[in-house]
2 protein chains.
Amino acid sequence: MSALKSKAAEAQSGGDARERILAAARKSFASAGFEGAATRQIAAEAGVAQSLLLYHFKSKDALWRAVIDHMFADLNGRMDIAARRARSGTVRERLMSVIRAFIEICSEDADIHRIMTIEGRQPTDRLGWLVEKHLRDNYRAACAMIQEGQALGVVRQGDPTLLYYSFIAIAGTAFSLAPEIELVSERAVAVDPAVIERLITALLFISE
Amino acid sequence: MSALKSKAAEAQSGGDARERILAAARKSFASAGFEGAATRQIAAEAGVAQSLLLYHFKSKDALWRAVIDHMFADLNGRMDIAARRARSGTVRERLMSVIRAFIEICSEDADIHRIMTIEGRQPTDRLGWLVEKHLRDNYRAACAMIQEGQALGVVRQGDPTLLYYSFIAIAGTAFSLAPEIELVSERAVAVDPAVIERLITALLFISE
DNA sequence: ACAGCGACTGATCAATTGATCAAGATGGGG
DNA sequence: CCCCATCTTGATCAATTGATCAGTCGCTGT
């Protein structure tokens, strides 16, 4: 059976080449953007031939989409868990649960915010695909919570979309712009997730 | 005299080619990054031959630096004016003056934040040059104000560097990520600078 | 043992990249 | 009038780009 074959191949040594390519591609796309990333460099970093990259993924575009799928499968899974965990709590508790999860994800892997900002600049078909497949639901759920909080007088008034992007900007930038931050401040900067959480709290909620 | 010659050439039709190239290059660098931008496409958008681009600027790298110089000459000039305008006011007034100026700049030209984030990801020699030549002074002045406010109990406690980048992230993202925001929210989003100002105020200062 | 299949590589393609060079335009000063 | 400096263009370079294809290796089922 093909299932057993691929599993066996994955177990020994060959199958993880695909995942090494995915990991290398994510780094390149995050730092150089889609057009700036070169398939040969990605393949070299993964330790495979460039042709293997296009064997596993049909094209550079398909590779990019696979990277995004891989990234957001983990992200949205953890966000859903965080949302479910605090389902019975207050609006503030529910919001803080997903915010805390998002901060944790950004602190572990800055590539997500990097790719979102680098690809979110111009409206390509890639951006439309990303938004509809992975971002829209997350956005809707967060906005619903924000509006609920605003109706109760807990969350600051204002366009929910702007509040949503403001807290994403704070949490994401602190980690994804680390190279620039360290260069400007001329010292090693270890961003504490708890500090970011406090800033977002001050931004979002009316009373401390 | 060469000065008169160049001035005459600038007056008629040829001299503004340089500025058209600069404008086109800024757009390309902002949306595609340094490696993603192509000199031929920049030249085409400026309506000139690609070789003219490398005649006015020695190389693609030199063109990038010229774009940055042109951008930050305006930015830092306006920031200095804003800082000087409120020199005799309270810490809060002085901070709000430069923040208001920064928001205004971001709302007029999203390219600045785009280039800063796209280039700030990996520590290249370009980033080091940008930081030392255009960013460092701005950062130091802002941090000094923040620390002064913290000592007086007006500004929220915490790493000044993080506060600095948080307000930059909010102001910049709201405008530079407009395409993505409109796609996610499925409507036209006109960001009001006054709303951004209110968010940053909530983030930065202790009492409203 | 052998045929078959999936993983993988090296060679190679046309297209595009940044860069260089010779030559043409243009206009002002002698 | 001509000359010279400046601006501008088209042709062209080697290098790199994403993509394709023929062929090799190693394993599996029969």
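Below, chain A is the first sequence line, B the second, and so on; all start at residue 1.
- One axis for each end of the helix from C/dA1-D/dT30 to C/dG30-D/dC1, each built from five base pairs, and the angle between them comes to 10° at 10° resolution.
- The aromatic rings of A/W64 and A/F29 lie perpendicular to each other, with more than 60° between the two planes, well past the 30° mark.
- Looking at A/R156, its side chain does come within 3.5 Å of a backbone N or O of A/A202 through a donor-acceptor pair.
- Proximity of a side-chain donor or acceptor of B/K60 to a complementary backbone N or O of B/A37 within less than 3.5 Å is detected.
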Going 5' to 3' along nucleotides 10-19 of chain C, which nucleotides have protein heavy atoms under 4.0 Å from the base (write B), which only from the sugar-phosphate (write S), and which from neither (write -)?
B-B----BBB
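- Counting heavy atoms of neighbouring residues, nucleotides and ligands inside a 6.0 Å radius, atom CD of A/Q41 does not exceed 12 of them.
- Here the side chain of B/R114 pairs no donor or acceptor atom with the backbone of B/D109 at under 3.5 angstrom.
- In B/H134, the NE2 atom is crowded: over 12 heavy atoms of neighbouring residues, nucleotides or ligands sit closer than 6.0 Å.
- Side-chain contact of A/S185 with B/Y164: a donor-acceptor pair under 3.5 Å is absent, judged by distance alone.
- Around atom CZ of A/R187, more than 12 heavy atoms belonging to other residues, nucleotides or ligands sit under 6.0 Å away.
- Interface residues of residues 22-32 of chain B facing DNA chain D, ordered by number: none; criterion, heavy-atom separation under 4.0 Å.
- Taking side-chain N and O atoms only, A/H56 has no distance below 4.0 Å to OP1 or OP2 of C/dG6.
- OP1 and OP2 of C/dC8 both lie 4.0 Å or more from every side-chain N or O belonging to A/Y55.
- In summary, the side chains of B/R121 and A/T117 do present a donor paired with an acceptor at a separation below 3.5 Å, with no hydrogens or angles considered.
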Under the side-chain contact (heavy atoms from CB on, under 4.5 Å) criterion, do A/F34 and A/T124 qualify, and how do the steps go?
CA-CA 11 Å; A/F34 179 82; A/T124 65; over 6 Å; no
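- B/L53 places its CG atom 15 Å from the P atom of D/dG10, with the value rounded to the nearest Å.
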